[in-house]
Amino acid sequence: MDLPWGDERTKQFATNIGLITSNGPYGYNIMAAEWTHQLSYSPGLIGVSIDQKNATHSNIIKKKVFGVNLCAYDQNILSSISGGSSGKLVDKIGAIKELGFEFFKAKKIDVLMVKGASMQAECKLIRKIIFGDHTTFVGEVIELYPAGQKEPLILYHNKYWKVGDNIPRPQQQEMIIIKGILEKHKKDNKK
Ligand SMILES: Cc1cc2nc3c(=O)[nH]c(=O)nc-3n(C[C@H](O)[C@H](O)[C@H](O)COP(=O)(O)O)c2cc1C
């Protein structure tokens, strides 16, 4: 079955917003990608799922590198601009700079990174896999900057959110009971 954009059920996903920076046929560019995830610890891999029509798609195919900047909660404007128009038609970097936001040059690859983002990683493309109408670009992290001071912006129900109340892990007393139950449900691994 299809899972169309805006379906009430898939709005239950709560995600980060990756601000994906690139360079290539469309010049220095930035796009918003909620489908941005860490895929592996060793080596450190990040996957980004990008519509084949996007300027970012062509840029990454050409240069084989990209920047992952996790949008901070006070950068919602960056998410809306980056996700609201294409680098095929608009110099989003120029527009964002005019609004007072800053970029800096990446250390190891030729892209711009977003100042003040919650996380900034420079990635070298190691694989691209077509999944339906998107391509997942798998990047090996070759440079990771110190964590930003600000928490990430969250996308949930098509709205922006700030990280809220902490839900404590189960108390020790509850864990003792849970451990007892797990013990009872242990599988017989002799097979
Ligand atoms: C909050 C938000 C999240 C988005 N997530 C994705 C995503 O994960 N993958 C994708 O291909 N497009 C996503 N988009 C849409 C692209 O950002 C949009 O098509 C953008 O114009 C592409 O820019 P480009 O053509 O300059 O690469 C998202 C847009 C917004 C506003």
Side-chain angles (χ1 to χ4, degrees), residues 2-39 45-99 101 103 106 109-114 116-123 125 127-139 141 148 150-163:
D2 289 346
L3 299 176
W5 187 87
D7 189 296
E8 283 305 313
R9 294 158 293 182
T10 56
K11 280 188 193 166
Q12 291 299 105
F13 283 108
T15 61
N16 284 117
I17 297 166
L19 298 170
I20 309 304
T21 47
S22 63
N23 188 13
Y26 295 102
Y28 290 112
N29 193 32
I30 179 166
M31 76 162 267
E34 59 176 305
W35 293 343
T36 301
H37 305 280
Q38 179 167 347
L39 302 177
L45 301 178
I46 295 178
V48 189
S49 189
I50 296 182
D51 191 312
Q52 285 131 23
K53 294 189 290 295
N54 293 345
T56 301
H57 195 280
S58 307
N59 274 359
I60 297 176
I61 297 266
K62 176 78 184 166
K63 294 275 187 171
K64 299 186 170 45
V65 292
F66 58 93
V68 175
N69 306 264
L70 288 189
C71 191
Y73 69 80
D74 60 351
Q75 295 179 324
N76 57 336
I77 293 173
L78 295 196
S79 170
S80 290
I81 294 177
S82 309
S85 55
S86 176
K88 291 184 177 177
L89 302 171
V90 178
D91 172 11
K92 289 183 270 187
I93 301 274
I96 288 168
K97 280 184 185 166
E98 190 174 327
L99 283 162
F101 292 94
F103 294 88
I109 58 177
D110 185 19
V111 304
L112 298 172
M113 304 297 289
V114 179
S118 282
M119 192 205 79
Q120 298 134 326
E122 297 180 16
C123 298
L125 182 68
R127 249 180 111 174
K128 62 178 190 339
I129 311 161
I130 296 171
F131 287 121
D133 48 22
H134 281 55
T135 301
T136 295
F137 291 106
V138 180
V141 176
K150 300 205 172 113
E151 293 150 357
L153 185 68
I154 304 298
L155 186 69
Y156 170 65
H157 251 253
N158 213 22
K159 290 182 181 155
Y160 297 136
W161 303 84
K162 191 169 182 283
V163 172

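Counting starts at 1 for both ligands and their atoms, following the listed order.
- Residue-level contacts of ligand 1 at the 4.0 Å heavy-atom threshold are N29, M31, A32, A33, E34, W35, S49, I50, D51, N54, A55, T56, S79, S82, G83, S85, S86, G87, K92, H134, L155.
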Step by step, work out the side chain to side chain donor-acceptor pair (under 3.5 Å) result for Y26 and S86. CA-CA 10 Å; Y26 295 102; S86 176; over 6 Å; no
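- Y156 OH: more than 12 foreign heavy atoms inside a 6.0 Å radius.
- Remark: the backbone N or O of M113 is not paired with any side-chain donor or acceptor of T21 at under 3.5 angstrom.
- Separation of atoms CG (N16) and SG (C71) is listed at 9.5 Å; rounding is to 0.5 Å.
- To the nearest 0.5 Å, atom CG of residue D74 and atom CD of residue E151 are 10.5 Å apart.
- D133 is linked by a salt bridge (charged side-chain N to carboxylate O under 4.0 Å, His left out) to nothing, counting only residues two or more places apart in sequence or in another chain.
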